[in-house]
Amino acid sequence: MKMWSGRFRQPLDPQFERWQRSFEFDRRLLSYELAASGAHARALKNAGVLSADELISILEGLQQIGEMAAAAQGFVEDDEAEDVHHFVEKQLAARIGEVGYKLHSGRSRNEQIATDLRLYVRAAIDELRKEVAEVCAAFIDRAEQAGNATMPAYTHLQHAEPVLLAHWLLAYVEMFLRDADRLADCRKRVNVCPLGSGAVAGATLPLDRVFMAEELDFAAPTANSIDATSDRDFILEFVNALSLLSLHLSRWAEEMILFSSQEFGFVQLPEAYSTGSSAMPQKKNPDLLELVRGKTGRVIGSATALTVTLKGLPLAYNKDLQETQEQLFDGADTALGLLPLVAGFMKAVEFDHARMNEAAQSGFMNAWAAATYLVNRGVPSRLAHEQIGKAVKLCLEKSCELQDLTLDDLHSLHPAFDESFYDCLKPAAVLAIHDVVGGTAPARVRQGIAAAKEKIESLREEINFHAHA
Ligand code: ARG
């Protein structure tokens, strides 16, 4: 039976009928639809609309549908179901007869889809945060293993200063922790229950909305029925948080691609995550990294599509909102699909410490440390900068590094230089002077690792808390 055929004199155009359906994609919301329907049924019983027996048979019917969906291949297929709501109604009637049609008393699909989508996004956030925590853990493990290994840090992609490899890895951990935090923040606004909002104006029966919200572990019922049935901000926020997450992964992927090129030679791509070329026998290509970078475009595309879909919609529900589902699912699937691969890749990749270390010691990466030497001897910073700039110019003429200049060379630039200058140019000394919170001095980086580990621990605890709530 259709859900709305009463007032129609003509059947739908078959092509239109197929085209407007959402069952093909919203059937993945089935478990949420069943849970929300259970909460609604209990509220109907409390309101005196269903008898105790009717409630029991509806709940049993819903449970059977859930069991069938879990057990029987091909069960959640139906050429006639318009959407997941229609599918459940049909299945329920098939199992428990006409009493099944009582379930829809006082509710609308507009509040149902809003509720199902909130339940879906909430679960997706919990799952994603778990995966983000695992990615962070993989980066932190590598940071611990890296010890005092150094690498060049770049600005403008030009040699800037040496840093610890661990420091570079922790930079990404910071980004991912912000992503996890953004998702947690988004979750607060996701976690309210539209049930009882009706089609637009609120339920037509005296349903206890606080009760229904509690049944589904929502923090509270939504405050306004017009907003509740038309709001998809939570989807937009969620997918935008995912764009930012994938954007971070894309920046990482881009760096790793560069680092794996023969010109850098900083990392050896793990064979398990690389592919060859059908033409050039020598090739080992960074496909995982390239796809991570490529899929970022896709997630950002979903966020953009959602924004454009919502722009200009009058209140409240419009069928345009159905279009938000596939973008949401694709964004979440894409992000969820790549996170475990990033963690696996990170465990397997090999850093060429010797090569990175060598690169961190050439190209005047100790020039700022050299200028700092003069500053510590009372030379004004601007003048110190100028003199070390001249020292670099001299080195370029002689094809050498700052530590290769003689004291005579140096004295021709400034009288403040003495033998101790050479010590301050050594890699360990250069690292050591960056001794500030968040700096690359080894002790600071070790503090950074410890702090990041603590954050991951509390993130994991929080996630487990939600998982068992
Ligand atoms: N499949 C619909 C959607 O995703 C469910 C809500 C339908 N509501 C309606 N008034 N036609 O938006």
Side-chain angles (χ1 to χ4, degrees), residues 1-8 10-13 15-37 39-40 65 69 76-92 101 103-124 190 193-204 212 216 222 224-236 238-239 302 305-333:
M1 184 168 172
K2 273 212 162 334
M3 291 179 288
W4 42 259
S5 54
R7 65 96 70 209
F8 280 76
Q10 283 180 5
L12 289 189
D13 171 85
Q15 201 178 356
F16 168 64
E17 209 279 323
R18 277 196 303 281
W19 179 76
Q20 57 89 46
R21 277 188 222 152
S22 54
F23 186 56
E24 209 178 302
F25 46 85
D26 68 14
R27 59 187 175 166
R28 64 189 286 169
L29 297 173
L30 180 65
S31 63
Y32 306 117
E33 174 72 8
L34 294 173
S37 292
H40 177 73
I65 298 171
V76 193
E77 271 165 37
D78 186 334
D79 287 343
E80 277 159 21
E82 189 174 315
D83 51 27
V84 66
H85 322 295
H86 189 203
F87 175 76
V88 170
E89 183 170 288
K90 284 178 65 191
Q91 286 291 335
L92 202 55
Y101 292 130
L103 175 61
H104 206 56
S105 314
R107 75 171 179 177
S108 156
R109 283 184 292 161
N110 298 353
E111 66 181 274
Q112 284 172 260
I113 187 63
T115 306
D116 295 356
L117 289 171
R118 283 178 183 276
L119 290 168
Y120 167 85
V121 172
R122 189 175 71 181
V190 170
C193 184
L195 286 191
S197 296
V200 57
T204 52
M212 290 193 285
L216 296 169
T222 50
N224 178 297
S225 62
I226 304 175
D227 178 50
T229 49
S230 68
D231 174 29
R232 297 294 184 273
D233 290 2
F234 63 98
I235 294 181
L236 192 52
F238 171 61
V239 178
S302 291
L306 285 163
T307 310
V308 181
T309 302
L310 296 175
K311 177 185 172 298
L313 286 187
L315 293 176
Y317 179 84
N318 300 272
K319 189 104 168 191
D320 313 43
L321 292 177
Q322 185 167 288
E323 286 297 308
T324 60
Q325 292 191 31
E326 284 163 292
Q327 299 299 341
L328 163 65
F329 298 148
D330 195 65
D333 289 345

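Every number for a ligand or one of its atoms is a count from 1 in the order of the listing.
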Top protein contact for [atom], by heavy-atom distance:
| atom | value |
| --- | --- |
| atom 11 (N) of ligand 1 | R109 NH2, 3.5 Å |
| atom 7 (C) of ligand 1 | Y317 OH, 3.5 Å |
| atom 8 (N) of ligand 1 | N110 OD1, 2.9 Å |
| atom 1 (N) of ligand 1 | Q322 OE1, 2.8 Å |

Would one find more than 12 heavy atoms of other residues, nucleotides or ligands at under 6.0 Å from atom [atom1] of [X]?
| X | atom1 | result |
| --- | --- | --- |
| Q322 | CD | yes |
| E80 | CD | no |
| D79 | CG | no |

Checklist line | Sequence-distant partners of R28, salt bridge (Lys or Arg N to Asp or Glu O under 4.0 Å), two or more places apart | finding: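 So R28 forms a salt bridge (Lys or Arg N to Asp or Glu O under 4.0 Å) with D333.
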Check: What do we get for E82 next to ligand 1 when only non-hydrogen atoms under 4.0 Å count, side chain, backbone, both or neither?
Finding: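 Under 4.0 Å from ligand 1, E82 contributes no heavy atoms.
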Margin query: Does only the side chain of Q112 get under 4.0 Å from ligand 1, or the backbone, or both, or neither? Count heavy atoms.
Written below: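 It is neither part, as no heavy atom is under 4.0 Å.
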Note to self: R232 versus ligand 1: do any nitrogen or oxygen atoms come within less than 3.5 Å of each other?
What the structure shows: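 No, since none of the N or O atoms of R232 sits under 3.5 Å from an N or O of ligand 1.
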Item checked: Any N/O pair K319/ligand 1 closer than 3.5 Å ->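 No; every N/O pair is 3.5 Å or more apart.
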Next item on the list: Using a strict 4.0 Å cut-off to heavy atoms of H85, name the atoms of ligand 1 that fall inside it.
Entry: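 Answer, ordered by atom number: 5 (C).
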Checklist line | Atoms of ligand 1, numbered as shown, that sit under 4.0 Å from any heavy atom of Q325 | finding: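 Listed by number with element: 3 (C), 4 (O).
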Checklist line | Ring centres under 6.0 angstrom apart (F87, F23) | finding: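 Ring centres of F23 and F87 closer than 6.0 Å.
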Margin query: Using side chain to side chain contact (heavy atoms under 4.5 Å, CB included), reason through V200 and N110 one step at a time and then give a plain yes or no.
Written below: CA-CA 8 Å; V200 57; N110 298 353; 5.8 Å; no
Next item on the list: Name all pairs fulfilling the salt bridge (Lys or Arg N to Asp or Glu O under 4.0 Å) condition that reach into residues 105-116, sequence neighbours left out, sorted by first residue then second.
Entry: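 Only E82-R109, D83-R109 qualify under salt bridge (Lys or Arg N to Asp or Glu O under 4.0 Å).
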